[in-house]
Protein chains: 2
Amino acid sequence: MSTLTSLKTQERLLDRQAANSIRQQIVNRTMPPGHRLLEAVLARELEVSRGTIRSALMQLSNEGLVRQVAFTKWEVAPASVEEAWELYTLRSALEGLAASLAAQYASPAERDGLSRVFAELEAAANADQREAAADADFKLHKTIVAMSGHKRLIRDHERIILQVRFQMTHIGFAPRETRDLIDDHRDLTEAVLKGDAARAEQLARTHNSAEVKRLLDANARQPSSGTPGANTKKGD
Amino acid sequence: MSTLTSLKTQERLLDRQAANSIRQQIVNRTMPPGHRLLEAVLARELEVSRGTIRSALMQLSNEGLVRQVAFTKWEVAPASVEEAWELYTLRSALEGLAASLAAQYASPAERDGLSRVFAELEAAANADQREAAADADFKLHKTIVAMSGHKRLIRDHERIILQVRFQMTHIGFAPRETRDLIDDHRDLTEAVLKGDAARAEQLARTHNSAEVKRLLDANARQPSSGTPGANTKKGD
DNA sequence: GATAGAAAGATAGTCGACAATCGTCAATAG
DNA sequence: CTATTGACGATTGTCGACTATCTTTCTATC
């Protein structure tokens, strides 16, 4: 069975495999924001045809990691405070909804699972293992979203988180002190477990809003722009 | 200039054109939920290659209008109360965020635009033109989302609305009485115009929540399932 | 010297043919 | 009669070659 189970996980479609490979290199920082992606080069390196690479790049484009200029080029998506702001605000709205639904509808088994994930976070944070704590942080939010039973929400959230991590690493926006993580997440976890939908939603939203504020504050003294909403509009 | 302006709108890429054509047929009800899509047939009908059709179908799959079973088939996405429930809850979260951002950051010109769109809705509703009123309804929400200046939000919202309309037509979920539309939307519009972010968000959310409730109530007496969240889970 | 236009090189877009996979149905064994 | 196996047909997955478009570079002209 050891070899059989792997088939479930292993991707059979070449374009998916190619997308996974490229995605990995992007989140690995091997390919930084703005890095140009040549179809022919990728095709040669991954030993597939250009059509397959095209399909993979389109997927990554839908995930927000890659951008295309028609007839011209593909490149890794840019990283900026504006992009990060968009991601965090969206994440806040999505996780608010998820927390509310999870509190209302999650099964006992799922609630047990959430307790365990929180315990992992607590352990990692108390041991001051930054990497592990950050992973556990994301895992906890992912768990709550999964508990919502909302398929589109789960899918969209996964994409947002992927982009958040990408932006964070390239924008120099570090996670908070590990110990600070615990209190925030304990309250949220308890609200979900207790079935207090309104409070769970509120906590999920303010949790993310606080991160947005921290992001903007950290960037306020930087030379770049001022207002968030990419308000470089035609307006007035 | 009459022929030149059309170039802006006219899609130059064949796969986009193909996607537009198929999308049109889906929202037109020419292709109902579950309708099978054969690459070869579409290629012949639209006079493009199968690869181009494949690309188009992948786009539509990302928009949620089409589903794929790997190595087997493409088909038009199913319509059900569960799908509609997902769409409405997501829409509520997205429009709540959009209303808040629009109230805070929109330019004076954009606010004027919103006033005009509301006037259109009011006129159509008072004249009891159902079709026009429904269109104006969607247009108003789209306008508010656009005012948020949040690119991802705008993009995602457009996709959700497309799916909402698709589900509505196939699930037999009619819009409310035209006159009822006015009051709801007046309050929301005024809150956005006034810059009252909290109230705008609240109204946008409850507005959609009311629709979710109406959807579930209308379906409660139907033979199909009961609970919303597709809670056909493994959990005990 | 600057600028407009044309040619050339590089790269993405499209196509038709071939390969891999799946579902069906008939043949056969129990 | 039922269940398993194998071959066949239909459909999707992948590939390499060709075409269209963009960008850059070179040249000619003012």
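The figures that follow rest on heavy atoms only: side chains count, while hydrogens, waters and symmetry mates do not. Quick note on labels: first sequence line is chain A, next is B, and so on, each numbered from 1.
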Is the backbone of A:Arg111 close enough, under 3.5 Å, to the side chain of A:Ser115 for a donor and an acceptor to pair up by distance? yes
OG1/A:Thr52 to CG/A:Leu42 distance, rounded to the nearest 0.5 angstrom? 12.0 Å
Might you point out which heavy atoms bring B:Ala106 and B:Met147 nearest each other, and give the distance in Å? CB-CE, 3.4 Å
Verdict with reasoning, B:Asp217 to B:Lys213, per salt bridge (charged side-chain N to carboxylate O under 4.0 Å, His left out): CA-CA 6 Å; B:Asp217 285 352; B:Lys213 189 166 189 313; 3.2 Å; yes
For DNA chain D, find the residues of residues 44-54 of chain B with a heavy-atom distance under 4.0 Å and give them by number; none if there aren't any. B:Arg50, B:Arg54
Using atom CG of B:Leu13 as one end and atom C1' of C:dT14 as the other, report the distance to the nearest whole Å. 10 Å
Nearest 0.5 Å, please: how far is NE2 in B:His170 from CD in B:Glu83? 13.0 Å
How would you list, by chain and number, every residue that makes a salt bridge (charged side-chain N to carboxylate O under 4.0 Å, His left out) with A:Arg44, sequence neighbours excluded? none
DNA chain C contacts made by residues 59-79 of chain A, counting heavy atoms under 4.0 Å: A:Gln68, A:Ala70, A:Phe71, A:Thr72, A:Lys73, A:Trp74
Could you give all pairs that pass the salt bridge (charged side-chain N to carboxylate O under 4.0 Å, His left out) test and reach residues 27-43 of chain A, with sequence neighbours left out? A:Glu39-A:Arg50, A:Glu39-A:Arg54
What are the bounds, 5' to 3', of the part of DNA chain D that sits under 4.0 Å from heavy atoms of chain B? D:dT11 to D:dC22
Taking atom C1' of C:dT14 as reference, at what distance in whole Å does atom CG of B:Asp15 sit? 10 Å
Please confirm whether the backbone N or O of B:Leu65 pairs with a side-chain atom of B:Gln163, one donor and one acceptor, at under 3.5 Å? no
Taking every non-hydrogen atom, the tightest pair across A:Ser92 and A:Asn208: CB-CB, 3.5 Å
Taking atom types as modelled, find out whether B:Ser21 and B:Gln17 have a side-chain donor-acceptor pair closer than 3.5 angstrom. no
Closest non-hydrogen contact found for A:Val145 with A:Leu153 is CG1-O, 4.0 Å
Can you tell me if B:Glu75 uses its side chain to pair, donor with acceptor, with the backbone of B:Pro33 under 3.5 Å? no
Looking at residues 31-42 of chain B, who's got a heavy atom less than 4.0 Å off DNA chain D? B:Arg36, B:Leu37, B:Leu38, B:Glu39
Rounded to the nearest 0.5 Å, what separates atom CD1 in A:Ile53 from atom CG in A:Leu57? 6.5 Å
